[in-house]
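Position 1 is the first residue of the sequence, and the numbers go up from there. Both counts, for ligands and for their atoms, begin at 1 and track the order of listing.
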Amino acid sequence: MAGLSRLAMLGAGHLGPVVARLAIKAGYPVDIAASGDPEDIALITELMIPGAQPRWAADAVADADIVVLAMPLHRFQDLDPGLLSGKLVIDAMNYWPATDGVVQAFEDGGSSEIVARRLAGSAVVKALNHIGYHELEERARPAGAPDRGAVGIAGDDPVAVAAIAALAYRIGYDPVRLGGLRAGRVLQPGGPVFGVVLTRPEFERAVLEEAVREEAVREEAVREEAVREEARSLS
Ligand SMILES: NC(=O)c1ccc[n+]([C@@H]2O[C@H](COP(=O)([O-])OP(=O)(O)OC[C@H]3O[C@@H](n4cnc5c(N)ncnc54)[C@H](OP(=O)(O)O)[C@@H]3O)[C@@H](O)[C@H]2O)c1
C-alpha cells in the first residue's frame, strides 16, 4: 500500500498507540511522539506498536502529511501552532474538566473550533475522539461487516475531510460526514454518540434525533421570549 499519507501521532498514552496500530495495519507509515525524548518511548513503541517510529514531535510533524492530536487538551495549549502550519490535523482530543481544568471557552462551545482557531494555518478535522481507545481497537471491522462501527468526521475543509474519511474507512470504520467543525459538537462528551460504538444507521439516527431535540429547545426558547416580551409590553 505504498503512497498512503504519513502520520505523526502526537501522544503515546492510551489513544495514540491504538490509532497508530490501526493505521499501521491499514498500511500507513506512522511516526509517534510524546512530549519529550523519543528514547523514552522507544521500548514501548517496539513492543506495543511494531512498525511505528518513535521521534521528536517536531521531526514527526515535519515529515507528516497527517498529524493526529492524541494528547490531553490542556497539553495542546503548550504546543507551538507554527509547528503544525500547512498540515492536515486530526483533532481527536476531548475537553475533560477533571483533567484539563475548567476552561470557560471550552465550557461554552466546540473544542475543535477553538483548536482550529489556534491552528489557523492547518486544516483541522474532528475525528476519532468519540470512541474509547479499547473499543476503537476491538470494534474495528473490515468494510461490509454487519457490526462495523461508524466514526463521525467534521471539518471546514472538504478535501481534508475526504482524506480523514478515507483513513477512518481503512482503519475499520464507516465514516459519517457531519459537516463543518460546528457540526462536530455532536461528537463531544455528553453528545449522542460519545462513548458508544454505533453502526452507521444507528449513528445517523442518534445525530438526527439530537438535532430534532435541539431544534425543539430552540423553538421553546423563542416562544418563551415572545411571551416575556408580550408581558413586558402589557405592563
Ligand atoms: N483514552 C481514550 O479512550 C480516548 C478516546 C478518544 C479520545 N481521547 C482523547 O485523546 C486525548 C489523549 O487521551 P489519552 O487518554 O491518550 O491521554 P494520556 O494517556 O494521558 O496520554 C497523553 C499523551 O500525550 C502526550 N503528550 C503530551 N503533550 C504532548 C506534546 N506536546 N507532544 C506530543 N505528545 C504529547 C503525553 O506524553 P508525555 O508522557 O511525554 O507527557 C502522553 O503520551 C485526550 O484529549 C482524550 O480526551 C481519549
Quiz item: Considering only protein heavy atoms, which is closest to atom 40 (O) of ligand 1, and at what distance to one decimal place?
Solution: Ser35 OG, 2.5 Å

Quiz item: Given Gly16, Ala57, Pro17, Ala34, which has its nearest heavy atom closest to atom 33 (C) of ligand 1?
Solution: Ala34

Quiz prompt | side chain to side chain donor-acceptor pair (under 3.5 Å) between Glu202 and Thr199, intermediate numbers included | solution = CA-CA 5 Å; Glu202 290 168 342; Thr199 61; 3.3 Å; yes

Self-check item: Residue, atom name and distance, where the atom is the protein heavy atom closest to atom 26 (N) of ligand 1
Solution: Met71 CB, 3.8 Å

Exercise. Output yes when the distance from some N or O of ligand 1 to some N or O of Arg75 is under 3.5 Å, and no in every other case.
Key: yes

Quiz item: At a 4.0 Å threshold, what atoms of ligand 1 neighbour a non-hydrogen atom of Leu128?
Solution: 6 (C)

Quiz prompt | Under-4.0 Å heavy-atom contact between protein and atom 38 (P) of ligand 1 | solution = yes

Quiz item: Among protein heavy atoms, which sits nearest to atom 6 (C) of ligand 1, and what does the distance come to when rounded to 0.1 Å?
Solution: Asn129 O, 3.3 Å

Self-check item: For atom 15 (O) of ligand 1, closest protein heavy-atom neighbour
Solution: His14 ND1, 3.3 Å

Self-check item: Short N or O distance, Ala12 and ligand 1, threshold 3.5 Å exclusive
Solution: yes

Self-check item: Gap between atom CH2 of Trp96 and atom OG of Ser111 - 0.5 Å precision
Solution: 11.5 Å

Practice problem: Return yes when atom CD of Glu220 has more than 12 non-hydrogen atoms of other residues, nucleotides or ligands closer than 6.0 Å, and no otherwise. | Solution: yes

Practice problem: Identify, for atom 5 (C) of ligand 1, the protein heavy atom at the shortest distance, and state residue, atom and that distance. | Solution: Ile131 O, 3.3 Å

Quiz item: Are any non-hydrogen protein atoms located under 4.0 Å from atom 21 (O) of ligand 1?
Solution: yes

Exercise. Run down the list Thr99, Asn94, Leu187 and name the one with the heavy atom closest to atom 46 (C) of ligand 1.
Key: Asn94

Quiz item: Do Leu88 and Val67 touch side chain to side chain, with heavy atoms closer than 4.5 Å?
Solution: no

Quiz item: Does Gly13 reach ligand 1 with a nitrogen or oxygen that is under 3.5 Å from one of the ligand's nitrogen or oxygen atoms?
Solution: yes

Report all side-chain donor-acceptor pairs from residues 142-158 shorter than 3.5 Å, counting only partners two or more places apart or in another chain.
residue: Asp147; atom: OD1; partner: Arg141; partner atom: NE; Å: 3.2
residue: Asp147; atom: OD2; partner: Arg141; partner atom: NE; Å: 3.1
residue: Asp147; atom: OD2; partner: Arg141; partner atom: NH2; Å: 3.3
residue: Arg148; atom: NE; partner: Asp174; partner atom: OD1; Å: 2.8
residue: Arg148; atom: NH1; partner: Arg141; partner atom: O; Å: 2.8
residue: Arg148; atom: NH1; partner: Tyr169; partner atom: O; Å: 3.4
residue: Arg148; atom: NH2; partner: Tyr169; partner atom: O; Å: 3.2
residue: Arg148; atom: NH2; partner: Tyr173; partner atom: O; Å: 2.8
residue: Arg148; atom: NH2; partner: Asp174; partner atom: OD1; Å: 3.4
residue: Asp156; atom: OD1; partner: Leu181; partner atom: N; Å: 2.8
residue: Asp157; atom: OD1; partner: Val159; partner atom: N; Å: 2.9
residue: Asp157; atom: OD1; partner: Ala160; partner atom: N; Å: 3.2

Exercise. Give, for atom CG of Leu7 and atom CG of Leu167, the distance between the pair rounded to the nearest 0.5 Å.
Key: 6.0 Å

Quiz item: atom 25 (C) of ligand 1: which protein heavy atom is closest, and how many Å away?
Solution: Gly11 CA, 3.8 Å

Quiz item: Ring centroid separation for His130 and Phe203, is it under 6.0 angstrom?
Solution: yes

Exercise. Show which atoms of ligand 1 fall inside a sub-4.0 Å distance from at least one heavy-atom site of Ala33.
Key: 33 (C), 34 (N)

Quiz prompt | Element-labelled atoms of ligand 1 that are located less than 4.0 Å from some non-hydrogen atom of Trp96 | solution = 47 (O)

Quiz item: For ligand 1, does Pro72 get within less than 4.0 Å through its side chain, its backbone, both, or neither, judged by non-hydrogen atoms?
Solution: both

Quiz prompt | Pairs meeting criterion salt bridge (charged side-chain N to carboxylate O under 4.0 Å, His left out) with involvement of residues 37-57, two or more places apart | solution = Asp31-Arg55, Arg55-Asp63

Quiz item: Looking at side-chain heavy atoms only, is the closest gap between Pro72 and Thr99 below 4.5 Å?
Solution: no

Practice problem: Compare every heavy atom of Pro29 with every heavy atom of Leu4, then report the nearest pair and how far apart it is. | Solution: O-CD, 3.8 Å

Quiz item: Shortest non-hydrogen contact from Val125 to Val161?
Solution: CG2-N, 4.0 Å

Quiz item: If two hydrophobic side chains count as joined below 4.5 Å and joins carry through other members, does Leu79 share a cluster with Val61?
Solution: yes

Quiz item: At under 4.0 Å between heavy atoms, which part of Phe76 makes contact with ligand 1: side chain, backbone, both or neither?
Solution: neither

Quiz prompt | is_close_aromatic(Tyr133, His14), centroid dist under 6.0 Å | solution = yes

Quiz item: At a non-hydrogen distance cut-off of under 4.0 Å, which region of Leu69 contacts ligand 1 (side chain, backbone, both, or neither)?
Solution: neither

Quiz item: For Asp78, is the nearest heavy atom under 4.0 Å from an atom of ligand 1?
Solution: no

Quiz item: Which atoms from ligand 1 have a heavy atom of Gly132 less than 4.0 Å away?
Solution: 3 (O)

Exercise. Output, in order, the C-alpha distance, side-chain angles, deciding distance and verdict of salt bridge (charged side-chain N to carboxylate O under 4.0 Å, His left out) for Glu113 and Arg185.
Key: CA-CA 9 Å; Glu113 294 152 72; Arg185 292 185 187 191; 2.8 Å; yes

Quiz item: Identify the closest protein heavy atom to atom 7 (C) of ligand 1: which residue and atom is it, and at what distance?
Solution: Ala92 O, 3.2 Å

Quiz item: Going by the order shown, which atoms of ligand 1 are within less than 4.0 Å of some heavy atom of Leu79?
Solution: 31 (N)

Quiz item: In the protein, which heavy atom is nearest to atom 16 (O) of ligand 1, and how far is it?
Solution: Leu15 N, 2.8 Å

